[in-house]
2 protein chains.
Amino acid sequence: MQTSDLKKAGLKATLPRMKILNFLESSRVRHMSAEEVYKAMLEAGEDVGLATIYRVLTQFETAGLVTRHHFEEGHSVFELNLGEHHDHIVCVKCGHIEEFFDPTIEERQHKIAEEKGFDMTDHALYIYGICAQCKKEA
Amino acid sequence: MQTSDLKKAGLKATLPRMKILNFLESSRVRHMSAEEVYKAMLEAGEDVGLATIYRVLTQFETAGLVTRHHFEEGHSVFELNLGEHHDHIVCVKCGHIEEFFDPTIEERQHKIAEEKGFDMTDHALYIYGICAQCKKEA
DNA sequence: AAACGGAATGAGAATTTTTCGCATCTTGAG
DNA sequence: CTCAAGATGCGAAAAATTCTCATTCCGTTT
Ligand SMILES: [Mn+2]
Ligand SMILES: [Mn+2]
Ligand SMILES: [Zn+2]
Ligand SMILES: [Zn+2]
């Protein structure tokens with residue numbers, strides 16, 4: 001969390017933006033809605049307006065600092081971009097999320113976009129199911 | 001569009017449900033939001049309340065008659081289930097959607113769910129990009 | 001270090017999407 | 001045909017997100 005990270009992303013290094021970036025970097029929870037970020041920051045004593053959370057997360061997304069996900073819950077979920085792209089498998093019972101990367105799938109996706117004449121800009125793969133834990137408890 | 005289709009799905013064959021199912025079956029547009037279904041039906045002289053559209057589409061989804069998609073627009077998009085499962089490639093410029101099915105990807109998904117200890121219930125793959133048409137117009 | 005201009009923030013209002021509550025109307029069983 | 005359970009419509013309410021605009025902050029220039 002350096003002001004330079006924001007500068008590099010073409011964003012002014014403002015206090016709210018620093019706080020949000022810091023929070024995301026230090027949070028053990030990797031996938032959070034804007035509302036969740038807002039509340040968690042409040043509890044941590046970092047008071048940033050909800051509208052600003054929304055604005056900044058969207059700016060971070062545009063700058064490539066975070067990824068926005070559209071799971072089945074009907075609201076956006078954000079994740080700080082560390083390292084490389086990955087996809088998600090989500091438990092529909094408890095919300096537990098695991099990440100994975102499959103080169104074969106990635107390659108097929110590029111091939112399909114090409115075949116269809118698209119310039120691929122992005123892609124998202126979500127697998128839904130019941131996690132091992134929830135299966136046991138059933 | 002038979003009352004039997006609804007009965008089979010465990011739903012009473014009510015007039016609004018019949019109208020909505022008919023509309024979906026006869027619509028040239030395959031992927032529509034609740035609002036779009038509502039407006040299109042109004043124009044077609046079939047007046048069904050918006051709340052009912054939402055309720056019925058959700059019931060149809062539960063019954064397996066339609067699929068609900070979560071594209072990047074922030075609202076649900078519905079599609080009548082004809083034949084078999086498929087995934088989508090969406091143009092981020094014009095909204096054009098093409099469908100595809102890739103056995104290799106499907107198989108890898110099952111494998112991944114298995115490896116992670118999940119009982120897979122569903123999955124969604126969205127590829128985003130610029131379609132051939134929009135590339136030309138750029 | 002003070003000043004300035006443009007950009008960012010906060011708070012609440014406003015939008016957008018979806019759900020709820022309840023009085024009224026239908027459907028399907030008997 | 002009658003009746004109860006269930007469905008619909010409408011407007012109110014929720015939930016998620018964006019917008020407005022007065023105030024504040026950041027970065028650059030004196
Ligand atoms: Mn992730
Ligand atoms: Mn489709
Ligand atoms: Zn679980
Ligand atoms: Zn296009």
Side-chain angles (χ1 to χ4, degrees), chain A residues 1-23 31-42 45-63 65-79 95, chain B residues 1-23 31-42 45-63 65-79 95:
Chain A
M1 59 75 169
Q2 310 289 346
T3 68
S4 56
D5 291 331
L6 290 173
K7 297 262 178 68
K8 231 176 297 169
L11 296 169
K12 256 199 209 175
T14 66
L15 206 47
R17 295 212 266 238
M18 292 296 286
K19 285 181 178 175
I20 294 169
L21 187 51
N22 273 334
F23 172 78
H31 307 89
M32 303 181 78
S33 69
E35 190 83 33
E36 284 167 348
V37 170
Y38 173 69
K39 285 184 179 155
M41 289 186 69
L42 260 194
E46 303 288 6
D47 196 337
V48 177
L50 179 57
T52 300
I53 302 272
Y54 272 105
R55 271 185 303 237
V56 170
L57 286 175
T58 299
Q59 292 157 354
F60 282 6
E61 181 193 15
T62 303
L65 294 175
V66 309
T67 298
R68 180 196 301 258
H69 296 292
H70 299 88
F71 296 120
E72 289 184 340
E73 306 117 21
H75 57 252
S76 293
V77 170
F78 300 86
E79 156 176 40
Chain B
M1 60 72 168
Q2 308 291 345
T3 69
S4 55
D5 292 330
L6 290 174
K7 298 263 177 69
K8 231 177 295 171
L11 297 168
K12 256 198 207 175
T14 67
L15 207 46
R17 295 213 265 238
M18 291 295 288
K19 285 181 178 177
I20 294 170
L21 187 51
N22 273 334
F23 172 78
H31 307 90
M32 304 181 77
S33 70
E35 190 83 33
E36 283 167 347
V37 169
Y38 173 69
K39 285 182 178 156
M41 287 185 69
L42 260 193
E46 302 289 5
D47 196 336
V48 176
L50 180 56
T52 300
I53 302 273
Y54 272 104
R55 273 185 301 235
V56 169
L57 286 176
T58 300
Q59 293 156 353
F60 282 5
E61 182 193 15
T62 302
L65 293 175
V66 308
T67 297
R68 180 195 303 258
H69 298 292
H70 299 87
F71 296 120
E72 290 184 342
E73 307 118 19
H75 57 251
S76 293
V77 170
F78 301 86
E79 155 177 40

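Labels below follow one simple rule: chain letters A, B, ... track the order of the sequence lines, proteins then strands, and each chain is numbered from 1.
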With a 4.5 Å limit on heavy-atom distance, are the side chains of A/F60 and A/R17 in contact? yes
Say you draw a straight line from CG of A/L57 to OG1 of A/T67; how long is it, rounded to the nearest 0.5 Å? 11.5 Å
If each end axis of the helix from C/dA1-D/dT30 to C/dG30-D/dC1 is fitted on five C1' pair positions, the angle between them, to 10 degrees, is 30°
So B/H69 and B/H31, would you call those rings parallel, tilted or perpendicular, with 30° and 60° as cut-offs? tilted
Find out whether A/E46 and A/N22 are in side-chain contact, i.e. whether some heavy atom of one side chain is under 4.5 Å from a heavy atom of the other. no
Check whether any side-chain heavy atom of A/R55 sits under 4.5 Å from a side-chain heavy atom of A/I53, and report yes or no. no
How far apart are the closest heavy atoms of A/A63 and A/L11, and which atoms are they? CB-CD1, 4.4 Å
Outermost contacting nts on DNA chain C, any atom under 4.0 Å from chain B heavy atoms, listed 5' then 3', are C/dT17 to C/dG28
How would you summarise protein contacts on nucleotides 13-19 of chain D per nucleotide, using B for base, S for sugar-phosphate only and - for none, with heavy-atom distances below 4.0 Å? ---SBBB
Scan nucleotides 23-29 of chain D against the protein and return all N/O pairs shorter than 3.5 Å with their distances rounded to 0.1 Å.
unit_1: D/dG27; atom_1: OP1; unit_2: A/A13; atom_2: N; d: 3.4

Nearest heavy-atom neighbours spanning A/A34 and A/L50: O-CD1, 4.2 Å
Sequence neighbours left out, what passes salt bridge (charged side-chain N to carboxylate O under 4.0 Å, His left out) with A/K7? Give chain and number order. none
With side chains defined as the heavy atoms from C-beta onward, is the minimum distance between A/T58 and A/R68 less than 4.5 Å? yes
Spatial distance of atom CG (A/L65) from atom CD (A/Q59) [nearest 0.5 Å]: 10.5 Å
Taking the side chain as every heavy atom from C-beta outward, state whether B/V56 and B/L21 have any pair of such atoms under 4.5 Å apart. no
Just to verify, what does B/Y38 make a ring pair (Phe, Tyr, Trp, His ring centres under 6.0 Å) with, not counting sequence neighbours? none
